[in-house]
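These notes are about the structure you will find just below.
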Amino acid sequence: MPEGNVVHHLARKLSRTFSRRAVHVDSPQGRFTEGAARVDGQVVRRVEAHGKHLFIGFASGQWVHVHLGLYGKWRFGKGAAPDPVGLIRLRLQSDESYAELRGPTKCELLTADEKRAAVRRIGPDPIRTDADPEVAWRRVSRSSAPIAAVLMDQSTFAGVGNIYRAEVLFRHRIDPFREARGVSRPEFDELWSDLVILMTAGTKRGRIDTVRDEHLPEAMGRAPREDRHGGEVYVYRRDGRPCHVCGTEVRIAELQGRKLYWCPSCQTG
DNA sequence: AGCTCATGGCGAG
DNA sequence: TCGCCCTGAGCTG
């Protein structure tokens with residue numbers, strides 16, 4: 001269940017584990033057998049993350065493109081992979097380690113050209129140093145949709161998901177229902193640079209923490225880690241509970257089929 | 001054991 | 001906007 005930070009975290013782990021090594025590639029489940037056979041035995045050249053998309057590059061120039069969706073998961077292990085348990089879409093095996101992929105929305109083989117085209121379709125990713133925030137600003141400044149909806153648009157903010165969306169809006173006290181084009185350039189710049197900081201930190205940790213030091217549980221006399229997603233957050237999935245800053249009940253609403261959390265007192269305007 | 005829900009996104013209508 | 005994909009955790013009982 002990943003936002004971009006987890007995908008980048010996984011890309012680094014896959015790269016550390018498999019880059020410059022020959023890998024045996026197969027699909028025990030059978031749904032990626034043909035693609036796996038085409039790269040089986042090749043050396044992994046590099047692994048890239050762009051937003052929530054993962055690309056594993058092989059010596060032939062071909063790429064395996066993976067999108068985890070809501071359910072997808074990677075598992076890693078040392079030595080030889082055990083007999084498959086359940087449905088494993090993709091399995092990588094080096095002479096030292098293995099990795100198993102289950103439940104992805106997408107697992108496909110791409111040519112070098114197709115991979116380049118796929119990357120071009122993905123919007124600027126705050127975790128990537130080559131991201132162009134002007135692309136995001138153009139879309140934000142021209143959209144009449146709520147800023148909370150635009151933050152989830154992967155062609156505008158690649159890698160941002162439901163947690164970062166809610167949390168970054170809280171941290172900048174922005175009403176999630178404000179029209180995107182009503183967000184000023186200074187506000188956008190603050191949102192973008194904060195996403196760079198939060199998501200980069202989230203990449204190293206492989207989890208999402210957004211609470212400033214002065215609001216941390218130790219500083220506030222609270223118990224840490226209330227939520228099972230693993231990090232410290234202000235509003236995500238805290239509906240009905242008091243805002244960590246002002247005590248107002250955190251609210252929840254459905255926006256485009258996803259749940260949106262915010263503090264109606266802190267996030268005004 | 002069974003039910004609900006989840007950090008996502010696609011395609012049909 | 002809805003259904004679906006398809007996995008797993010956290011509840012209920």
Side-chain angles (χ1 to χ4, degrees), chain A residues 1-13 27-32 49-55 65-76 84-91 99-108 110 114 117-119 121-123 125-127 139 145-146 148-171 176 194-195 198-211 225-241 250 252-262:
Chain A
M1 307 91 79
E3 300 196 18
N5 66 305
V6 169
V7 179
H8 280 263
H9 187 80
L10 286 165
R12 289 180 191 180
K13 181 154 190 178
S27 176
Q29 171 198 41
R31 284 184 58 186
F32 188 59
H50 298 261
K52 297 167 187 167
H53 298 257
L54 188 65
F55 299 89
H65 172 213
V66 172
H67 195 297
L68 292 174
L70 196 50
Y71 313 124
K73 276 183 175 56
W74 284 94
R75 284 185 58 182
F76 294 83
V85 176
L87 301 174
I88 300 173
R89 183 79 60 88
L90 170 68
R91 186 165 62 168
E100 300 170 338
L101 171 66
R102 297 161 197 274
T105 283
K106 182 160 287 192
C107 176
E108 63 181 355
L110 300 181
E114 289 168 337
V119 168
R121 286 192 293 271
I122 301 168
D125 173 352
I127 296 174
R139 288 172 166 273
V150 177
L151 273 165
M152 293 280 279
D153 172 4
Q154 298 299 296
S155 58
T156 308
F157 294 94
V160 172
N162 209 11
I163 303 177
Y164 282 122
R165 170 264 284 273
E167 295 296 308
V168 80
L169 288 172
F170 179 90
R171 283 166 59 94
D194 204 24
L195 286 169
L198 290 175
M199 295 176 74
T200 301
T203 297
K204 296 192 179 83
R205 299 184 187 187
R207 56 178 248 180
I208 297 178
D209 296 276
T210 61
V211 178
R225 293 187 64 162
E226 292 178 38
D227 200 282
R228 65 170 173 233
H229 81 272
E232 284 293 339
V233 295
Y234 283 109
V235 291
Y236 174 71
R237 280 181 53 141
R238 295 199 62 254
D239 52 301
R241 285 185 279 171
V250 172
I252 181 171
E254 196 100 357
L255 183 65
Q256 294 175 328
R258 306 299 301 279
K259 286 180 173 150
L260 169 67
Y261 305 86
W262 80 103

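What you see is a predicted model; the values in this text were computed from it and never measured. So that the names make sense, note that chain A is the first sequence line, chain B the second, and so on, each numbered from 1.
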Rounding to a whole Å, what distance do you find between [X]:[atom1] and [N]:[atom2]?
X	N	atom1	atom2	answer
A:Y234	B:dT7	OH	P	21 Å
A:L90	C:dT7	CG	P	14 Å
A:H9	B:dT7	NE2	P	20 Å
A:L87	C:dT7	CG	C1'	10 Å
A:R121	B:dG9	CZ	P	14 Å
A:D239	B:dC5	CG	P	12 Å
A:I252	B:dA6	CD1	P	7 Å
A:R165	B:dA6	CZ	P	12 Å

Quantified in whole Å, what is the P atom distance between nucleotide B:dC10 and nucleotide C:dG8? 22 Å
Kindly write out the residues that satisfy side chain to side chain contact (heavy atoms under 4.5 Å, CB included) with [X], not counting sequence neighbours, or none if the list is empty.
X	value
A:Q256	A:A149
A:A148	A:R165, A:L169, A:P176, A:L255, A:L260
A:H9	none

Of all the nucleotides listed ([options]), which has the minimum atom distance to the side chain of [X]?
X	options	result
A:Y261	B:dA6, B:dG8, C:dT7	B:dA6
A:K52	C:dT7, B:dA6, B:dG8	B:dG8
A:K259	C:dT7, B:dT7, B:dA6	B:dA6

Would you say [N] has OP1 or OP2 under 4.0 Å from some side-chain N or O of [X]?
X	N	result
A:H67	B:dG8	no
A:R258	B:dG8	yes
A:Q256	C:dT1	no

A:K52 NZ to A:L10 CG distance, which is reported to the nearest 0.5 Å: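 Answer for the NZ-CG pair, A:K52 versus A:L10, is 14.0 Å.
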Could you list the residues that satisfy side-chain hydrogen bond (donor to acceptor under 3.5 Å, both in side chains) with A:Y234, not counting sequence neighbours?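 A:Y234 satisfies side-chain hydrogen bond (donor to acceptor under 3.5 Å, both in side chains) with A:H215 only.
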Could you pull out all residues at least two apart from A:E167 that satisfy side-chain hydrogen bond (donor to acceptor under 3.5 Å, both in side chains)?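 By the side-chain hydrogen bond (donor to acceptor under 3.5 Å, both in side chains) rule, A:E167 matches A:T210.
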In terms of side-chain geometry, is the basic nitrogen of A:D209 or A:R207 positioned less than 4.0 Å from the acidic oxygen of its partner? yes
Do any N or O atoms of the protein come closer than 3.5 Å to N or O atoms of nucleotides 2-5 of chain C, and which pairs are they?
unit_1	atom_1	unit_2	atom_2	d
C:dC5	N4	A:Y71	OH	3.1

How is A:K106 classified with respect to the nucleic acid when contacts are heavy atoms under 4.0 Å: base, sugar-phosphate, or nothing? nothing
Just call it for A:L68: base, sugar-phosphate, or nothing, with non-hydrogen atoms closer than 4.0 Å on any strand.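 Since no nucleic acid heavy atom lies under 4.0 Å of A:L68, the category is nothing.
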